Amino acid sequence: MEKLNIGIILGSTRQGRLSPQVGKWINEIGQQHEDANFEMIDIADYNLPFLGTGTGKEQGIIAWQQKISNMDGFVFIVQEYNHSITGALKNALDSAYEEWNDKAAGIVSYGSTGGARAAEHLRGILGELSVASVRAHPTLSIFTDFTNSKVFQPADIHVDYVTTMLDQIISWSKALKTVR
Ligand SMILES: Cc1cc2nc3c(=O)[nH]c(=O)nc-3n(C[C@H](O)[C@H](O)[C@H](O)COP(=O)(O)O)c2cc1C
């Protein structure tokens, strides 16, 4: 079977964001899985217009939909903004539809309560997009997994759970490939 393609989607786009550090860590752990290719997908690279403000045919939207279409599964790097996901991530989710359908995803979140509230909002949205979200959900504390809320230094305890999550994503991504 061909290797699966798993996209690690950075949910935040602000200047000074922490998400690239978390995405890089997941990517490094992902590289140890032989049956999947992992790659970082940065929403900021696509200059997505706010949904409905343009023609819908902008180059960034076409490239975004193509990238999502090429993936078999996803890891969402989710940060909590006002108890939910970022506006940028919601807009990116809304900017594709069929490209998401019948795929699997896992969520790695962070915030003062591990980003749990944002992650649960995302699960509901993913359900509507026919993306199956796996059970394992590593939650990172902005207080203890980041030094001065800036430099990512994850506790060792998280690594095994990330591996469990990636195993679940790979298993469901393989299964859902047969549905598409
Ligand atoms: C607009 C905004 C709202 C936030 N709201 C919350 C919140 O409701 N709960 C929380 O735990 N952290 C909250 N935070 C703190 C973020 O989780 C923290 O700044 C995190 O680093 C943001 O992710 P990023 O660095 O990738 O942008 C908020 C941050 C911003 C910028």
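Just so we're clear, the structure is a prediction, and the values are computed from it rather than from any experiment. Counting from 1, the numbers follow the sequence of the chain as shown.
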For [X] and [Y], work out which heavy atoms get closest and say how close.
| X | Y | value |
| --- | --- | --- |
| L176 | A132 | CD1-CB, 4.1 Å |
| V75 | M165 | CG1-CE, 3.9 Å |
| P49 | N91 | O-ND2, 3.0 Å |
| I6 | S173 | CD1-OG, 3.9 Å |
| V134 | I169 | CG1-N, 3.8 Å |
| A119 | H137 | CB-CE1, 3.3 Å |

Can you confirm whether [X] sits close enough to [Y] that some side-chain heavy atom of one is under 4.5 Å from a side-chain heavy atom of the other?
| X | Y | answer |
| --- | --- | --- |
| L166 | Q32 | no |
| V162 | I26 | yes |
| L122 | L93 | yes |
| I9 | I68 | yes |
| Y110 | D145 | no |
| W64 | I41 | yes |

(message) Holding to side-chain hydrogen bond (donor to acceptor under 3.5 Å, both in side chains), I want the full list of residues that pass it with Q66, two or more places apart in sequence or in another chain.
(response)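 Partners of Q66 under the side-chain hydrogen bond (donor to acceptor under 3.5 Å, both in side chains) test: N70.
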
Examine distances only and state if a side-chain atom of [X] and a backbone atom of [Y] form a donor-acceptor pair shorter than 3.5 Å.
| X | Y | result |
| --- | --- | --- |
| D72 | N5 | yes |
| E80 | S112 | no |
| Q79 | L18 | no |
| E99 | M71 | no |
| T178 | K174 | no |
| N101 | V131 | no |
| D42 | A44 | yes |
| T86 | G11 | yes |
| K103 | S69 | yes |
| R123 | A118 | no |

Same cluster or not: are [X] and [Y] linked, directly or through other Ile, Leu, Val, Met, Phe, Trp or Tyr residues, by side-chain heavy atoms under 4.5 angstrom apart?
| X | Y | result |
| --- | --- | --- |
| I43 | V108 | no |
| W172 | Y161 | no |
| V179 | L129 | no |
| F74 | I107 | yes |
| L140 | M40 | yes |

(message) Going by ring-ring contact (aromatic ring centres under 6.0 Å, His included), name the residues that satisfy it together with Y81, two or more places apart in sequence or in a different chain.
(response)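 None.
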
(message) Could you work out, with ring-ring contact (aromatic ring centres under 6.0 Å, His included) as the rule, every residue matching F152, not counting sequence neighbours?
(response)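 Scan of F152 (ring-ring contact (aromatic ring centres under 6.0 Å, His included), adjacent residues dropped) gives W25, F146.
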
(message) Suppose the criterion is salt bridge (Lys or Arg N to Asp or Glu O under 4.0 Å): which pairs have a residue in residues 46-68, not counting sequence neighbours?
(response)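 Found E39-K67.
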
(request) Applying side-chain contact (heavy atoms from CB on, under 4.5 Å), run through L48 and I61 and close with a yes or a no. (result) CA-CA 6 Å; L48 292 173; I61 294 191; 4.0 Å; yes

Within a reach of under 6.0 Å around [atom1] of [X], are more than 12 heavy atoms found that belong to other residues, nucleotides or ligands?
| X | atom1 | value |
| --- | --- | --- |
| K3 | NZ | yes |
| Y97 | OH | yes |
| R180 | CZ | yes |

(message) side-chain contact (heavy atoms from CB on, under 4.5 Å) for L4 and D35? Distances and angles first, verdict last.
(response) CA-CA 6 Å; L4 296 164; D35 25 4; 5.7 Å; no

(message) Test: ring-ring contact (aromatic ring centres under 6.0 Å, His included). Region: residues 112-135. Which pairs qualify, not counting sequence neighbours?
(response)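 Qualifying pairs: none.
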
(request) Taking salt bridge (charged side-chain N to carboxylate O under 4.0 Å, His left out) as the test, write out the residues that go with D45, two or more places apart. (result)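 With sequence neighbours excluded, D45 shows a salt bridge (charged side-chain N to carboxylate O under 4.0 Å, His left out) to no residue whatsoever.
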
